[in-house]
Structures are given as C-alpha cells and as structure tokens.
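Below you'll find the structure, written out as structure tokens, and then a few comments.
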Amino acid sequence: MAERQLAGRSILILEDEFLIAMDVEQTCLDWGADKVTIIRALDQLGQDPFRQHEFDSAILDVRLGGNSTVEFARELHCRGIPFVFATGMSDQNDFATRFPGVAIVSKPYSGEELLKMLVAAIDGTELSRSA
C-alpha cells in the first residue's frame with residue numbers, strides 16, 4: 001500500500017455506483033487523503049461546485065446516471081485541478097483527444113491502479129493509460 005501519498009488532499013469522487021464509490025473513498029483514505037466527497041449525480045454538485053465542495057483533485061466516472069461529466073472535466077482542466085477518468089466505457093479515444101495527458105482508468109480497476117494514476121496527475125507526471 002502506498003503510505004500517505006494523498007496526505008493533505010481533498011478528493012472529489014464522481015461515481016454513481018454506490019459500492020464502487022465507497023471502495024474508492026476508503027482507498028483514498030487509506031492513502032492518507034484528509035477529506036473525500038462522493039457525488040453520485042451531477043445535480044448534487046450545485047450551482048458553483050468549486051465553492052460548495054472542498055477538493056483539490058478528482059476522480060470522475062464519465063457518466064453519472066446517464067449524464068456526461070465532460071463539461072465538469074473541462075472546467076477542472078481549465079482550472080488546473082488534477083483529475084483522472086474512471087470509466088466502464090469501451091470507446092475512450094474521444095476523451096484521450098479532448099483531455100491529453102489525463103489518465104483514463106478502465107473498469108474494473110484496482111484501487112491501487114486508480115490512485116497511482118491520481119497521484120501521477122497530482123504530481124504532474126503522466127503514466128501510461130490503462131485500457
């Protein structure tokens with residue numbers, strides 16, 4: 001296990017699958033995250049998610065309840081907030097083109113694999129994409 005690699009971090013998880021969200025939350029806490037917020041539907045983000053939620057990095061499922069998280073990802077990208085995509089979608093080429101350098105981790109994934117990609121995003125290093 002990676003010890004405290006997320007120490008001092010506040011992580012936002014956009015994931016609509018309850019068990020996956022809880023597992024990712026626990027893994028983030030195990031890796032030392034100070035705070036983890038789970039959002040299961042886009043409307044839970046509120047009008048100004050950057051003021052309403054405390055986070056400095058994020059893990060995004062590409063679709064929440066059938067709704068795309070791409071616009072939110074674009075805003076994260078513009079603000080320089082590190083994030084990774086965690087998705088079960090098989091066609092990932094569009095995301096790789098729209099968000100160069102952003103890791104795409106395919107479901108099913110291990111918590112360790114996902115968080116290694118998130119730590120790399122936070123550190124500004126690019127690991128090979130998980131397909």
Side-chain angles (χ1 to χ4, degrees):
M1 179 175 78
E3 290 189 29
R4 313 270 322 144
Q5 288 192 36
L6 295 177
R9 304 302 263 176
S10 295
I11 312 296
L12 177 67
I13 300 170
L14 269 60
E15 174 59 64
D16 56 354
E17 297 286 335
F18 179 76
L19 293 177
I20 293 172
M22 298 304 293
D23 186 48
V24 173
E25 175 188 37
Q26 186 59 55
T27 304
C28 288
L29 293 170
D30 290 346
W31 282 44
D34 286 354
K35 181 175 178 156
V36 179
T37 302
I38 298 171
I39 299 291
R40 297 185 60 216
L42 286 175
D43 62 354
Q44 292 176 336
L45 282 171
Q47 293 296 322
D48 188 356
F50 300 96
R51 293 184 114 173
Q52 293 174 292
H53 302 284
E54 179 185 334
F55 65 95
D56 53 35
S57 50
I59 299 168
L60 309 181
D61 191 349
V62 172
R63 296 196 79 62
L64 291 183
N67 297 308
S68 173
T69 62
V70 170
E71 288 304 315
F72 185 68
R74 188 180 335 276
E75 187 65 28
L76 290 173
H77 195 68
C78 289
R79 290 174 181 252
I81 297 172
F83 69 96
V84 297
F85 286 112
T87 184
M89 294 179 65
S90 58
D91 183 16
Q92 300 174 0
N93 292 332
D94 185 43
F95 295 99
T97 302
R98 288 172 148 186
F99 301 97
V102 175
I104 304 168
V105 184
S106 296
K107 292 178 182 177
Y109 50 75
S110 73
E112 182 174 337
E113 173 190 17
L114 178 64
L115 292 191
K116 280 183 182 178
M117 294 294 186
L118 181 61
V119 168
I122 291 167
D123 291 343
T125 57
E126 188 173 341
L127 297 177
S128 62
R129 292 176 186 273
S130 174

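In this chain, residues are counted from 1 in sequence order.
- The distance from atom CD of Q5 to atom CG of L115, rounded to the nearest 0.5 Å, is 9.0 Å.
- Taking a 6.0 Å sphere around CD of E54, one finds it holds 12 or fewer heavy atoms contributed by other residues, nucleotides or ligands.
- Closest approach of A121 to P82, counting heavy atoms only: O-CB, 3.6 Å.
- When every heavy atom of A86 is checked against every heavy atom of I59, the shortest pair comes out as CB-CG2, 4.0 Å.
- Nearest heavy-atom pair, G32 versus R4, reported as atom, atom and distance to 0.1 Å: CA-NH1, 3.3 Å.
- The backbone N or O of D61 lies less than 3.5 Å from a partner atom in the side chain of T69, making a donor-acceptor pair.
- Distance CH2/W31 to NZ/K116: 6.5 Å, rounded to 0.5 Å.
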Exercise. Could you please spell out the steps behind the side chain to side chain contact (heavy atoms under 4.5 Å, CB included) verdict for Y109 and V24?
Key: CA-CA 10 Å; Y109 50 75; V24 173; 3.6 Å; yes

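- Separating the CD1 atom in I38 from the NE2 atom in H53 is a distance of 12.5 Å, to the nearest 0.5 Å.
- Here CZ of R40 is found 10.5 Å from CD1 of I20. Values are rounded to the nearest 0.5 Å.
- To the nearest 0.5 Å, atom NZ of residue K35 and atom CG of residue D56 are 11.0 Å apart.
- Rounding to the nearest 0.5 Å gives a distance of 9.5 Å between CD of Q52 and CD1 of I39.
- Note: F83 and F99 have perpendicular aromatic rings, judged against thresholds of 30 and 60 degrees for the angle between ring planes.
- Nearest heavy-atom pair, L118 versus A58, reported as atom, atom and distance to 0.1 Å: CD1-O, 3.6 Å.
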Contacts table for residues 11-19: side-chain donor-acceptor under 3.5 angstrom, sequence neighbours left out:
residue	atom	partner	partner atom	Å
E15	OE1	K107	NZ	2.9
E15	OE2	E17	N	3.0
E15	OE2	K107	NZ	3.3
D16	OD2	G65	N	2.7

